[in-house]
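Down below is the structure, laid out as C-alpha cells.
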4 protein chains.
Amino acid sequence: MGILLSESIQQMTEKLQNWRRDFHHFAESGWFEFRTATIVADELHRLGYSLKMGKEVLKAEARMGLPSAQELQEQEQRAVKQGALAEWLPHFSGGFTGIVATLDTGKTGPTLAFRVDMDALDLNEEQTHVHRPYAEGFSSCNAHMMHACGHDGHTAIGLGLAHILKKHQSHLTGKIKLIFQPAEEGTRGAKSMVEAGVVDDVDFFIAIHLGLGVSHGELVCGCDNFLATTKIDVTYRGVSAHSGAKPEEGRNALLAAAQAALGLHAIPRHSEGSSRINVGVLQAGIGRNVVPDYALMKIETRGKTNEINEFIYHQALSIIEGAAKMQGVEYELKLMGAAQSSLPSPAWVDFIYQQTQKNIPELSSVAKNLQQPAGSEDATYFMERVKANGGQATYLIFGTELSAGHHNERFDFDENVMKTAVKTLATIALHLPDFRTT
Amino acid sequence: MGILLSESIQQMTEKLQNWRRDFHHFAESGWFEFRTATIVADELHRLGYSLKMGKEVLKAEARMGLPSAQELQEQEQRAVKQGALAEWLPHFSGGFTGIVATLDTGKTGPTLAFRVDMDALDLNEEQTHVHRPYAEGFSSCNAHMMHACGHDGHTAIGLGLAHILKKHQSHLTGKIKLIFQPAEEGTRGAKSMVEAGVVDDVDFFIAIHLGLGVSHGELVCGCDNFLATTKIDVTYRGVSAHSGAKPEEGRNALLAAAQAALGLHAIPRHSEGSSRINVGVLQAGIGRNVVPDYALMKIETRGKTNEINEFIYHQALSIIEGAAKMQGVEYELKLMGAAQSSLPSPAWVDFIYQQTQKNIPELSSVAKNLQQPAGSEDATYFMERVKANGGQATYLIFGTELSAGHHNERFDFDENVMKTAVKTLATIALHLPDFRTT
Amino acid sequence: MGILLSESIQQMTEKLQNWRRDFHHFAESGWFEFRTATIVADELHRLGYSLKMGKEVLKAEARMGLPSAQELQEQEQRAVKQGALAEWLPHFSGGFTGIVATLDTGKTGPTLAFRVDMDALDLNEEQTHVHRPYAEGFSSCNAHMMHACGHDGHTAIGLGLAHILKKHQSHLTGKIKLIFQPAEEGTRGAKSMVEAGVVDDVDFFIAIHLGLGVSHGELVCGCDNFLATTKIDVTYRGVSAHSGAKPEEGRNALLAAAQAALGLHAIPRHSEGSSRINVGVLQAGIGRNVVPDYALMKIETRGKTNEINEFIYHQALSIIEGAAKMQGVEYELKLMGAAQSSLPSPAWVDFIYQQTQKNIPELSSVAKNLQQPAGSEDATYFMERVKANGGQATYLIFGTELSAGHHNERFDFDENVMKTAVKTLATIALHLPDFRTT
Amino acid sequence: MGILLSESIQQMTEKLQNWRRDFHHFAESGWFEFRTATIVADELHRLGYSLKMGKEVLKAEARMGLPSAQELQEQEQRAVKQGALAEWLPHFSGGFTGIVATLDTGKTGPTLAFRVDMDALDLNEEQTHVHRPYAEGFSSCNAHMMHACGHDGHTAIGLGLAHILKKHQSHLTGKIKLIFQPAEEGTRGAKSMVEAGVVDDVDFFIAIHLGLGVSHGELVCGCDNFLATTKIDVTYRGVSAHSGAKPEEGRNALLAAAQAALGLHAIPRHSEGSSRINVGVLQAGIGRNVVPDYALMKIETRGKTNEINEFIYHQALSIIEGAAKMQGVEYELKLMGAAQSSLPSPAWVDFIYQQTQKNIPELSSVAKNLQQPAGSEDATYFMERVKANGGQATYLIFGTELSAGHHNERFDFDENVMKTAVKTLATIALHLPDFRTT
C-alpha cells in the first residue's frame with residue numbers, strides 16, 4: 001500500500017507544482033478567491049466528488065471582515081479576466097468563495113474531514129530576481145495580493161489529496177470531506193462555514209499548515225497553542241468645528257481614539273495565561289485646523305484560552321464605550337474576525353503520531369506538539385465544533401524551509417513539502433479503521 | 001457731616017485694630033466660625049441691631065463643602081475653649097455660622113445691604129519674627145487655619161460700620177442690612193444665604209474686599225471680572241485585587257482618575273472668553289501591590305461668563321462619567337463650591353465713583369473697574385439675586401499694602417485701610433438719597 | 001478724479017469677472033499656482049510693470065509646507081495642459097509661484113505696497129446646479145482644488161488695480177508695488193517673500209480680504225485680531241513587531257502619538273489671552289496585528305499674541321519629545337506654516353478711514369476694526385516687517401454677500417465687491433500725499 | 001533518631017506557641033524589628049550560638065525602602081517600652097535588625113543555612129472576638145503593624161530549630177547558619193544581607209514559608225515560580241501656580257503622573273512569560289485651585305524571569321522620564337525593594353523530597369513544586385548567590401490551615417505547623433551527609 005501510494009504521489013510532482021504556482025501567480029485575498037475557487041471546483045467535479053459551494057457552505061451573515069459590495073464586484077471582474085471559469089463562478093459571486101467536496105465510499109465508516117485554506121495576504125510581492133517566484137515567472141500579478149503564508153500550497157495539497165484518495169477509493173471506508181475555506185487571514189472565514197454546518201457530521205478532523213518555523217521533514221501532529229482572538233474595527237463619529245474660530249463646538253473623535261488606545265493597551269494582564277491587545281491602526285481627522293469628527297481604530301485581542309480572550313475583549317468594549325462618552329462622540333463597532341483556542345484530541349494525536357512514524361519514512365522527525373506560540377487560526381472553529389459533537393480533531397504542521405518568514409514579501413517554500421503532506425494525509429485516511437480510543 | 005464722620009471713625013482706630021487682631025489670632029476656617037460669630041452677634045445686639053442668625057439665614061442643604069459632623073463638633077468645642085460666647089453659640093451649632101443684622105431707621109427709603117465674610121484659610125501661619133502678627137503676638141493659635149486673605153479685616157470693618165451707622169442713624173433713611181457670611185473661601189457659603197432669602201428685599205448691595213493688588217489709598221468701585229466657577233470632588237470606587245496574583249480581578253480607580261485628569265485638562269478652549277480647568281488634587285490607591293480601588297480628585301472649572309463655566313462643567317461631567325465606564329468603576333460627584341460671574345450695576349458704580357471722589361479725601365485715586373483678573377467670589381450670588389430683583393449691586397476693592405500675596409503664610413495688611421473702608425461705606429449710606437438712575 | 005476713477009473701473013466690470021472666473025475654473029492650490037502666475041505675469045508685463053518673479057521674490061528654504069518634488073512636477077504638467085504660458089512658466093517652476101510688480105512713477109514719494117494671494121484650497125468643489133459657479137460653467141476643473149476663500153477675487157482685484165493705477169499714473173507719486181503671493185492657505189507663503197526682502201523698501205502696506213462675515217458695502221480699515229499661529233507635522237518612527245508573537249519587540253509609534261495628542265490638548269490656558277491647540281490629523285499603523293511603527297500628526301497652535309503662541313508652541317515641543325521618549329521612538333518635526341499676530345498702524349487706519357468715508361460713496365459703512373476673531377493670516381509677516389522698518393501697515397476687509405461660509409464647498413461671493421475694492425485701493429494710492437502722522 | 005527528634009520537638013510545643021504569640025502581640029514592621037531581634041539574639045546567645053548582628057550582616061546602603069531616621073528612632077523607643085532587651089538593642093539601632101547565628105560542629109562537612117524572616121505588615125489587626133488572636137489576647141498591640149503573613153511563626157520555627165539542632169549537635173557535621181532577616185515584606189531586606197556576604201560560605205540553603213494556599217500536612221520541597229520584582233517610588237516636582245490667575249506659570253506634576261500611570265500600564269506583554277506592572281498609589285497636588293507641583297507614585301514591576309522583569313522595568317524608566325519631559329517637571333526615582341526569580345536546585349529538591357517522604361510521617365503529602373503562582377520573595381537573592389557559588393538552594397512551603405488569606409486583617413494559622421517544620425528542617429540537617437549529586 002505504502003509503495004503504491006508513494007508512486008502515485010511521485011507522479012503528481014509536476015501537477016502539485018503547477019497548481020501551486022498558478023494560484024501563487026493569480027493570488028487572491030480573502031473573499032476574493034473567485035478564480036481559485038472555480039478551478040478547485042472544476043478539478044474536484046471532474047474527479048467525481050460531490051460538491052457543495054457558495055451559500056450552501058457559508059452562512060452569509062457569519063462572514064466576518066467582508067469587503068464592500070463594490071470591491072467584491074470589481075474583484076470578480078478581475079477574476080474573469082484572469083481565467084475564472086464561467087461555469088462555476090456564479091456559485092461564488094458576492095464573496096461566497098468556499099467549497100466542500102465529499103467522497104462517499106459506500107462502505108460503512110466514520111466521516112473524516114480535511115480543511116485547507118485558499119486566500120492570499122494583502123501584501124505586494126517582491127518583484128526582483130532575488131525572489132524565486134519572480135525569477136521563475138510565477139510571482140503575483142495582482143497588486144496588494146500575495147501568497148506569503150503558503151495557502152497556495154495548502155490548496156494544491158488539497159487537490160493532490162483529492163486525486164490520491166479517489167485513486168485509492170477501494171481501500172477507504174466511510175466518507176471523506178475536503179473543505180476549501182476562504183478568508184483565513186484575519187480569521188474571517190471559518191466561522192461562517194461551521195455555522196453552515198459543514199462539519200456537523202464529521203467524526204475526524206484535520207487542518208493543516210506548512211512552515212511555521214518547523215524544519216523540513218518534521219511533522220507536528222497536534223499544534224496546541226493557538227491563541228483565541230477577536231478582531232474589531234471601531235469608528236468614532238463626533239462633530240467637526242473650526243479649531244481656531246469655534247473649538248468649543250467640536251466633539252473630538254481623535255481624542256476619543258487616543259484615550260481608548262491608551263486604555264486598551266492598559267488592560268490588565270491575566271494571571272491564568274497569555275493575553276494580547278493591539279491597536280494596529282488609528283486614522284483620524286481631515287485637516288489641521290478642523291476638530292476631528294472621525295476616527296477609525298483596527299483592534300485585536302488575544303488570549304491563551306477563549307475565557308482569557310473574552311476577558312480582554314469585554315474590557316475593551318467598556319473602554320471603547322467610555323472613551324466615546326468622555327468626548328461626547330458616537331461609536332460603531334464591527335466584528336472583523338475571530339478565532340478560538342482549541343486543544344487537539346489526545347487520542348487522535350497519538351494515532352497520527354504512531355501512524356506517521358511507522359508509515360512515512362520521508363519524515364525525519366515527528367512531534368506531538370509545537371514548542372513556540374503559534375498565533376491564531378480559525379480552523380479552531382472547526383475543531384471545537386467537531387469535538388463538541390464527540391469527534392476527534394487536530395491541526396498538523398508540515399515543516400519546510402522558507403526563503404523568508406510568513407507574511408514577508410519574499411516568502412517562498414520548498415515545494416517538496418506538498419508531496420509529503422499528501423502522502424501523510426492519505427495514509428491517515430487509509431489507516432483510519434485502526435483508530436481505537438482506549 | 002464729613003468731619004463728624006471722620007472724627008467718629010478716628011475714635012474707632014483702636015477698636016478696629018483690636019477686633020481684627022482678635023479674629024486673626026483665633027482664626028477659624030469656613031463653617032467653623034463659631035467664636036467669631038458669637039462675638040459679632042454680641043456686638044451687634046448690644047448696638048441695638050435686630051438679628052437673624054444660623055438656620056434663619058442659611059439654607060441647610062445649599063451649604064457647599066461642609067466638613068463632617070465630627071469635625072464640626074470638634075471645632076465647636078475648640079471655639080468654646082477659646083472664648084466663644086455661650087449665649088450665642090447654639091444659633092451657630094452644626095455649621096450655621098452666618099448673621100444678618102438689620103437697622104430700621106423708621107424712615108421711608110430703600111434697603112441697603114453690606115456683605116462681609118468671616119472665614120480664614122486652611123493654612124499654617126508663619127510663626128517667626130519676620131512676620132508682624134507673630135512679632136506682635138496675634139498670629140493664629142489654630143493649626144492649619146490662618147487669616148491670609150483679609151477676612152479678619154472685613155469682619156472688623158463690618159463691626160466698625162455698624163457702630164458708625166448706629167451713631168449717625170438720624171441721618172439715614174430706609175433700612176440697612178449688615179450680612180456676615182461664612183465660608184467664602186472655596187466659594188461655599190453665599191449660595192445658602194441667598195437661597196435663605198436674605199437679600200430678597202435689598203435695593204442696593206455692596207460687597208467689599210481689601211488688597212487684591214490695588215495700591216493703598218485706591219478704591220475700585222465696580223470690580224467686573226470675576227470668573228464663574230464650580231468646585232467638585234469626584235470619587236471613583238473600583239475593586240481591589242492583588243496586582244501580582246490576580247490583576248484581572250481589579251477595577252482600577254487610579255487609571256480612571258488618570259484618564260479623567262488628562263481628559264479634563266484637554267477640554268477645548270471657548271472662543272467667547274476665558275475658561276479654566278484644574279485637577280488640583282488626586283489621591284488614589286492604598287498599597288504598591290494592590291490594584292487601586294479608590295481615587296479622589298478635587299476639581300474646579302471657571303469661565304468668564306456663567307455660560308462658559310457651564311460649558312466647561314458639562315464637558316467635565318461627561319469626561320468623569322466616561323472615565324468611570326472605561327475602567328468599570330463607580331463614581332460619586334460632590335458639589336463643593338460655586339460662584340457666578342456678575343457685572344456691577346453701571347449707575348450704582350457711577351454714583352459711588354462720584355460720591356467717593358467728592359467726599360473721601362483719604363482716597364488718592366478712585367477707579368471704576370479693575371484691570372487684572374480677579375479670581376472667583378461668591379458675593380456674585382448676592383449680586384445676581386439683587387440685580388434679578390431690579391436692584392443695584394457692586395463689589396468694592398479697598399487698596400492697601402500687603403506684606404505678602406493673598407493666601408501666603410506671611411500675609412498681612414496695613415490696618416489703616418479699615419478706617420477708610422468704614423468711612424467710604426458710611427458715606428455711601430448717608431448719601432444714598434441722592435442716587436438717581438437716568 | 002473720483003468720477004474719472006469710477007468710470008475707468010466701471011469699464012473693467014467684465015474684465016474683473018472674466019479673470020476671477022478663469023482663476024476659479026482653473027483653481028490651483030498653494031505652491032501649484034503655475035497657470036495663475038503666468039497669466040498674472042503676462043498681464044502685468046503687458047501693462048508695463050517691472051517684474052520680479054520666482055526665486056527673486058521667494059527665499060527657497062523659507063517656503064513652508066512645500067509639496068514633494070514629484071507633486072510639483074505633476075502639477076506643473078497639469079498647468080501646461082490647462083494653458084499656462086510657456087514664456088513665463090520657467091520662472092515659477094519648482095514651487096516659486098510669486099510675483100512682485102513695480103510701478104515707478106519717477107516722482108519723489110514713498111513706496112506703497114498692495115498684497116493679494118492667489119492660491120486655492122484643498123477641497124472638492126460642489127458640482128451641482130444649486131452652486132452658481134457650476135451652473136454658470138466656471139466651477140473648478142481640478143479635483144481637490146477649489147477657490148473657496150475668495151483668493152480668485154483677490155488676484156482679479158490685483159490685476160484690476162494694476163490697470164487703474166497705470167491709467168492714472170500721472171496722478172501718482174513715489175513707487176507702487178503689487179505683491180502676488182502664493183500659498184496663503186496654511187499660512188505657508190508670506191514668510192519666504194518677506195525673507196526675500198520684497199517689503200524692505202516699503203513705507204505703506206495694505207493687504208486685503210473679501211468677505212469674512214462683513215456685510216456687502218462695508219469696509220474694515222484695520223483688522224486687528226489675527227491669531228499668531230504655527231503649523232507643524234510630527235512623525236514618530238518606532239519598531240514594528242508581530243503583536244501576537246513578539247509584542248515586546250515593538251516600539252509603539254501609535255501610543256506615542258496618543259499620549260502626545262492628549263498632552264497637547266491639555267496644554268494650560270494662558271491668562272493673558274486666547275490660545276488654541278489642535279491635532280487635526282493622526283494617522284498611525286499599517287495592520288491590525290502589527291505593533292505600529294509609524295504615526296503622523298498634523299498640529300497647529302495659535303495665540304492672541306506672538307508670545308502666547310510661542311508659549312503654546314514650546315509646551316508642544318516638550319510634549320512631543322517626551323511622548324517619543326516614553327515609547328522609545330524617534331520623531332521628526334516639520335514646520336508647515338506660520339503667521340504672526342499684528343496690530344495695524346493707528347495713523348494709517350485713521351487715514352484710510354477718513355479717505356474712504358469721504359471718497360467712496362459705494363461704501364455704506366466704514367469701520368476701524370473687526371468685532372469677531374479673524375483666524376490667522378500670514379500677511380502679518382509683511383505687516384510686522386514694514387512696521388519694524390518704521391512704515392505703516394494695515395489689513396482691509398471688503399464686505400460682501402457669500403453663498404456659503406469660507407472653506408465650504410459651496411462658497412461663492414458677489415462679484416461687485418471687486419470694483420469697490422479696486423476703487424478703494426486706487427483712491428488710497430492717489431491720496432497718499434495727504435497722509436500726515438501727528 | 002527520628003523518635004528522639006519527635007520527643008524533643010513535642011516538648012517544645014508550648015515554647016513555640018509562646019514565642020509566636022509574643023512576636024504576634026508585639027508585631028514590628030520591616031526595619032522596626034527592634035524588640036523581636038533582641039529576643040532572638042538573647043535566646044540564640046544563651047543556646048551557645050556564635051552571633052553576628054546589625055552592621056555585620058546588613059550592608060547599610062543596600063537596605064531598600066528604609067523608613068526615615070525619625071521613624072526609626074520613634075520605633076526604637078516604642079520597642080524599649082515594649083521590653084526590647086537593652087543588652088542587644090545597640091546592635092540593631094538605626095534599622096540594622098538582622099542576625100546570623102552559627103553553630104560550628106567542629107566536624108568536617110558542608111555549611112547549611114536556614115533563613116527565616118521576622119517582620120510584620122503595615123496593617124491594622126482585626127480586634128474582635130471572631131479573630132482568635134484577639135479572643136486569646138495576643139493580637140497586635142501596635143497600630144498599623146500586624147503579623148498577617150506568618151513571619152511570627154517563621155521566627156518561632158527558627159528559634160525552635162536552634163534548640164533542637166543544639167540538642168542533637170553530636171549527630172551533625174559541618175556548620176549550620178541560622179539567618180534571621182528583617183523587612184521581607186516589600187522585598188527590602190534580603191539584598192543587604194546577601195551583599196554583606198552572609199551566604200558566601202554556604203553550600204546548602206533553605207528558606208521557608210508556611211501557608212501560601214498549601215493544605216495542612218503538605219510540604220512543597222521546591223517552590224519554583226516566584227516572580228522577579230522591582231519596587232520603586234517616583235516623585236515628580238513641577239511648579240505650582242494659581243490655576244485661575246496664572247495657569248501658564250505652572251508645571252503640572254499631576255498630569256505627568258497621569259500620563260506615566262497610563263503609559264506604565266500600557267507596557268506591552270512579553271511573549272516569553274508572565275509580567276506585571278502596577279501603580280498602586282498616586283498622590284498629587286495640595287489644593288483644588290493650585291496647579292499641582294508634586295506627585296508621588298508607588299510602582300512595582302514583575303516578571304516570570306529576571307529578564308522579563310528587567311524588560312518591564314526598563315520600559316518603565318523610559319515612560320517615567322518621558323512623562324516628566326512632557327510636562328517640564330523634574331523627577332526622582334527611589335528603589336524601594338527587589339526580588340529575583342530563582343529556580344530551586346533539582347538535586348537538592350530531590351534529596352529533600354526523598355528524606356521527608358521517608359522520615360516525616362506527620363506529612364500527609366510531599367510535592368516537588370507549587371502549581372499556582374507564588375508572588376515574589378527576596379529569599380531568591382540568597383538562593384541565586386548560593387547557586388552562583390556552586391551550592392544548592394531551595395524554598396520550602398509548609399502547608400497549614402489559615403483563618404483568612406495572607407495580608408488579611410483576620411489572618412491566623414494552625415500553630416501545629418511549627419512543630420512539623422522544625423522536625424523537617426532538623427531531619428534534613430541530620431541527614432545531610434547522605435546527599436549525593438549524581
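Each chain gets a letter, A, B and so on, in the order its sequence line appears, and its residues count up from 1.
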Heavy-atom pairs under 4.5 Å with chain C - which of [options] has more of them than the others?
{"options": "A:Gly337, A:Ala261, A:Ala258, A:Gly186", "answer": "A:Ala258"}
{"options": "A:Val279, A:Ile286, A:Ile277, A:Val291", "answer": "A:Val279"}
{"options": "A:Ala284, A:Ala257, A:Ala260, A:Gly285", "answer": "A:Ala284"}

Notebook entry, point to check: Looking at C:Met336, C:His407, C:Met297, which has the largest count of heavy-atom pairs under 4.5 Å with chain A?
Noted result: C:Met336
Note to self: With chain A as the partner, which of C:Ala245, C:Pro247, C:Ser274 has the greatest number of non-hydrogen pairs under 4.5 Å?
What the structure shows: C:Pro247
Exercise: identify the closest heavy-atom pair between [X] and [Y]:
{"X": "C:Val281", "Y": "A:Arg288", "value": "CG2-N, 4.4 Å"}
{"X": "C:Pro292", "Y": "A:Gly280", "value": "CG-O, 3.5 Å"}
{"X": "A:Glu300", "Y": "C:Ser243", "value": "OE2-OG, 2.8 Å"}

Which bit of [X] is near chain A, if near means a heavy-atom gap under 4.5 Å: side chain, backbone, both or neither?
{"X": "C:Val290", "answer": "backbone"}
{"X": "C:Ile232", "answer": "backbone"}
{"X": "C:Leu254", "answer": "side chain"}

Measuring from atom [atom1] of [X] to atom [atom2] of [Y], what distance do you get when rounded to the nearest 0.5 angstrom?
{"X": "A:Asn289", "Y": "C:Arg276", "atom1": "CG", "atom2": "CZ", "value": "12.5 Å"}
{"X": "C:Asn252", "Y": "A:Asn278", "atom1": "CG", "atom2": "CG", "value": "7.0 Å"}
{"X": "C:Leu296", "Y": "A:Gln283", "atom1": "CG", "atom2": "CD", "value": "11.0 Å"}

Note to self: Does atom CD (C:Glu330) have a neighbourhood of more than 12 heavy atoms from anything else shown, all under 6.0 Å?
What the structure shows: no
